[in-house]
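It should be emphasised that the depicted structure is a prediction, and the values quoted were computed from it without experimental measurement.
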2 protein chains.
Amino acid sequence: MHVDHDSAVPPYLQLAEILRKRIESGELSSGARVPSITYLMQETGLARNTVRRAIEVLVSEGLVTVRQGWGTFVA
Amino acid sequence: MHVDHDSAVPPYLQLAEILRKRIESGELSSGARVPSITYLMQETGLARNTVRRAIEVLVSEGLVTVRQGWGTFVA
DNA sequence: CACCATTTGTTCGTATGTATG
DNA sequence: GCATACATACGAACAAATGGT
């Protein structure tokens, strides 16, 4: 899991794309838990808000659902 | 234009609601320019990112369109 | 019940990049 | 070049919800 800060594609979109592919490939199937924000921060080196933004992209696409205090899950 | 930090409704949703009503009431009609982020920051006392978040809500609702370097306009 | 760890939610202040006129 | 306006990102702090001890 790696994002390129020098890319023309902003990091939050790169991360969204990474997660999207993991979902569409079936690596993360329906109902599966998406890695936590904290974990994704550590894995990618991105800030919390940036990770959240990536997740919000997936939420707006209907790919995942988020529940406060619980986690993020593949729809 | 006023947001209440003690409200259960987060400021970014309060601002989104304020702008939504100004659009739906016709005070801001189609094609009209939405006040700039800087202006809304000064008017509401909110931070830049918070104002942007409110606008993103309206964008996701299709009420406004944003053009970088130009401005935000009622759809 | 209280307490705590985990996880998501919101906001702030700041900095820098990009686009338009 | 400059001013304005939006775009992205960082780091920090605290709130709220959940689940387990």
- Task: Taking all heavy atoms of Ala75(A) and all of Ser30(A), pick out the closest pair and write down the distance.
- Result: O-OG, 2.9 Å
- If you look at every heavy atom in Gln14(B) and His2(B), which pair is closest and at what distance? OE1-O, 4.4 Å
- Whole-Å distance between dT7(C) P and Ile55(A) CD1? 12 Å
- Nearest heavy-atom approach of Thr50(B) to Tyr12(B) is O-CB, 3.8 Å
- Heavy-atom pair with the smallest gap, counting every atom of Leu63(B) and Ile23(B): CB-CD1, 4.3 Å
- Query: Between dT8(C) atom C1' and Arg67(A) atom CZ, what is the distance in whole Å?
  - Reply: 13 Å
- Task: Check the distance between dT14(C)'s P and Arg52(B)'s CZ and give it to me in whole angstrom.
- Result: 19 Å
- Query: With distance as the sole test, does Ser29(B) use its side chain to make a donor-acceptor pair with the main-chain N or O of Gly26(B) at under 3.5 Å?
  - Reply: no
- With the side chain counted from C-beta on, respond yes when Leu15(A) and Met1(A) share a heavy-atom pair under 4.5 Å apart, and no when they do not. yes
- Query: In residues 31-44 of chain A, which ones come under 4.0 Å of DNA chain C, going by heavy atoms?
  - Reply: Ser36(A), Ile37(A)
- Item | Per-nucleotide protein contact string for nucleotides 11-17 of chain D, where B marks a base within reach and S marks sugar-phosphate only (heavy atoms under 4.0 Å, - for neither) | BBB--BB
- Side-chain N or O of Thr50(B) less than 4.0 angstrom from OP1 or OP2 on dT10(C)? no
- Would you say a side-chain N or O of Arg53(A) is under 4.0 Å from OP1 or OP2 of dT8(D)? yes
- Closest non-hydrogen atoms of Arg33(B) and Gly71(B), given as atom of the first, atom of the second and distance, are NH2-CA, 4.0 Å
- Least distance between heavy atoms, Pro35(A) atom then Leu40(A) atom: O-CD1, 3.5 Å
- Message: Please list, in numerical order, the residues of residues 3-14 of chain B that have a heavy atom closer than 4.0 Å to any atom of DNA chain C.
- Response: His5(B), Pro10(B), Pro11(B), Tyr12(B)
- Are Leu46(A) and His5(A) side-chain neighbours, meaning at least one heavy-atom pair lies under 4.5 Å? yes
- Task: Answer yes or no: does a side-chain N or O of Thr72(B) lie under 4.0 Å from OP1 or OP2 of dC6(D)?
- Result: yes
- Message: I want to check something: taking the side chain as every heavy atom from C-beta on, are Asn49(B) and Arg53(B) in contact at a cut-off of under 4.5 Å?
- Response: no
- Message: Side chains of Arg52(B) and Thr72(B), heavy atoms from C-beta outward: is any pair under 4.5 Å?
- Response: no
